[in-house]
Every structure is written in C-alpha cells, then in structure tokens.
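First comes the structure, then the notes that go with it.
Please read these numbers as outputs of a predicted model, since none were measured by experiment. When reading the values below, keep in mind they use all heavy atoms of this one structure, side chains included, and skip hydrogens, waters and symmetry mates.
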Amino acid sequence: MVCEVPLLNLGSIQLVDQDGNVVATKRYDNDTTNISRVIATSLPAVPTGYEIVPGQTVYGYNEATGMVDANNPANRDAIGANTVIRVQRVAAPTPTPTPTPQPQPVVPATPKPEEPKALAKTGTSVAGIAIATALVTIAGAALVVRKKIA
C-alpha cells in the first residue's frame, strides 16, 4: 500500500507592525516524527523598539508561552499559511534633562589673625602686660579715691 502525503511549504510566524510592515519572521519548525505537521514554534525575536500587542486572538498563538502551534485539524493546509502577530512601537522614554550644576565662586576664608603670645622684641608675655595694666589701673583708681577723701 502506498500512501501519498502532499508536502507543503511551511508557513512562518510574522511580526507585523501597524503599517503592515513585517518586522521579523520565523519559519515553523517541522515535526520530525510526522512530516505533515509542525511543532509548536517560538516567536521570532521582537526587534528593539517594538512590543507584542497584548490580548490579540490568533489561531494557535499562546500569549503566555510565546509559541504558535499552526496545526489545525479542520484545515491541514494551515501549516503552509503564515501566522500574523501584531506588534507596536514602544514609545521611547523621554530622557529627563539633568541640570548642569553652575560652579559656585570660591570665596577664600579670611584667616583669623593669631593673637601674639609675646610682644615683639621685648619677650614680655601679653598676659603679663595685661596683669600689670590692671594693677596700675587699680592703683591709680585707689590714689584718685584717696585724694578725693582727703
């Protein structure tokens, strides 16, 4: 007994954009155990800048697995037809401009003058002079008070 099996050219999965342009394609994988069938075939790689339109109903397309099974018991020629999966452009995110920091003028710190610890050329300490000045002032005040009393 001879059985003739008509062989068909295999169809493809086509990713098609909103303008009808095919942006990616992949031929169905043939079933090696039954040449009149195909096996579930993964989608072609989605090009950069596109995404698959969610929620579309396409015979044999499983959105969860990203696979297409083109075998159709009601239409054995279905493996020779293309399966069209719609894709859409993804809006590129608008980059938020980062403000360029403006250089701040550098104000040099005003150095605080150091208090001298000794008088120039005398070697006398400032603290000693302050004490002597205080004693002279007190003595002068005492002298003035004594003159006023007398």
Side-chain angles (χ1 to χ4, degrees), residues 1-138 140-141:
M1 172 179 206
V2 176
C3 179
E4 284 189 32
V5 177
L7 297 179
L8 299 171
N9 287 327
L10 296 178
S12 299
I13 302 168
Q14 295 180 331
L15 302 183
V16 179
D17 69 9
Q18 59 270 22
D19 298 325
N21 300 316
V22 177
V23 296
T25 187
K26 183 177 182 181
R27 187 161 309 283
Y28 297 129
D29 295 328
N30 205 344
D31 186 340
T32 57
T33 61
N34 182 348
I35 60 171
S36 66
R37 295 179 49 84
V38 293
I39 59 172
T41 305
S42 61
L43 297 179
V46 179
T48 302
Y50 287 92
E51 68 182 359
I52 295 178
V53 175
Q56 56 187 307
T57 304
V58 177
Y59 182 83
Y61 170 54
N62 183 331
E63 188 174 357
T65 63
M67 306 281 279
V68 173
D69 183 356
N71 297 301
N72 184 344
N75 179 6
R76 65 180 217 185
D77 294 338
I79 64 170
N82 294 330
T83 301
V84 174
I85 306 292
R86 289 179 297 124
V87 292
Q88 61 191 5
R89 282 206 171 271
V90 177
T94 306
T96 306
T98 54
T100 306
Q102 298 299 320
Q104 297 295 323
V106 179
V107 178
T110 307
K112 183 178 177 185
E114 191 175 310
E115 297 213 10
K117 296 187 174 92
L119 293 176
K121 296 185 180 180
T122 64
T124 309
S125 74
V126 173
I129 298 243
I131 292 172
T133 303
L135 287 174
V136 169
T137 304
I138 292 171

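- Residues satisfying the side-chain hydrogen bond (donor to acceptor under 3.5 Å, both in side chains) test with Asn62, not counting sequence neighbours, are none.
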Which donor-acceptor pairs under 3.5 Å do side chains of residues 45-53 form with protein atoms, sequence neighbours excluded?
from  : atom 1 : to    : atom 2 : distance (Å)
Tyr50 : OH     : Arg89 : NH2    : 3.2
Glu51 : OE2    : Gln88 : NE2    : 2.7

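- Considering every non-hydrogen atom in both Ala78 and Asn72, the closest pair reads CB-CB, 3.8 Å.
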Take Tyr61 and Ile13 through the side chain to side chain contact (heavy atoms under 4.5 Å, CB included) test and state the conclusion after the steps. CA-CA 10 Å; Tyr61 170 54; Ile13 302 168; over 6 Å; no
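- Using a 4.5 Å heavy-atom cutoff, the side chains of Thr25 and Pro44 are not in contact.
- When the side-chain hydrogen bond (donor to acceptor under 3.5 Å, both in side chains) test is applied to Asn21, the partners found at least two apart in sequence or on another chain are Asp17.
- For Asp29, the side-chain contact (heavy atoms from CB on, under 4.5 Å) partners at least two apart in sequence or on another chain are Ile39, Thr41.
- In this view, Ser42 and Lys26 satisfy the side-chain hydrogen bond (donor to acceptor under 3.5 Å, both in side chains) rule, not counting sequence neighbours.
- By the side-chain contact (heavy atoms from CB on, under 4.5 Å) test, Val84 pairs with Gln14, Val16, sequence neighbours left out.
- Taking the side-chain contact (heavy atoms from CB on, under 4.5 Å) definition, one finds that Ala40 meets it with Met67, Asp69, sequence neighbours left out.
- Qualifying side-chain hydrogen bond (donor to acceptor under 3.5 Å, both in side chains) partners for Asn34, counting only residues two or more places apart in sequence or in other chains: Ser36.
- Between the side chain of Arg37 and the main chain of Asn71, no donor-acceptor pair closer than 3.5 Å is present.
- Panel note: side chain Asn75, backbone Asp77; a donor-acceptor pair is recorded below 3.5 Å.
- Taking the side chain as every heavy atom from C-beta outward, Thr83 and Tyr28 approach each other to under 4.5 Å.
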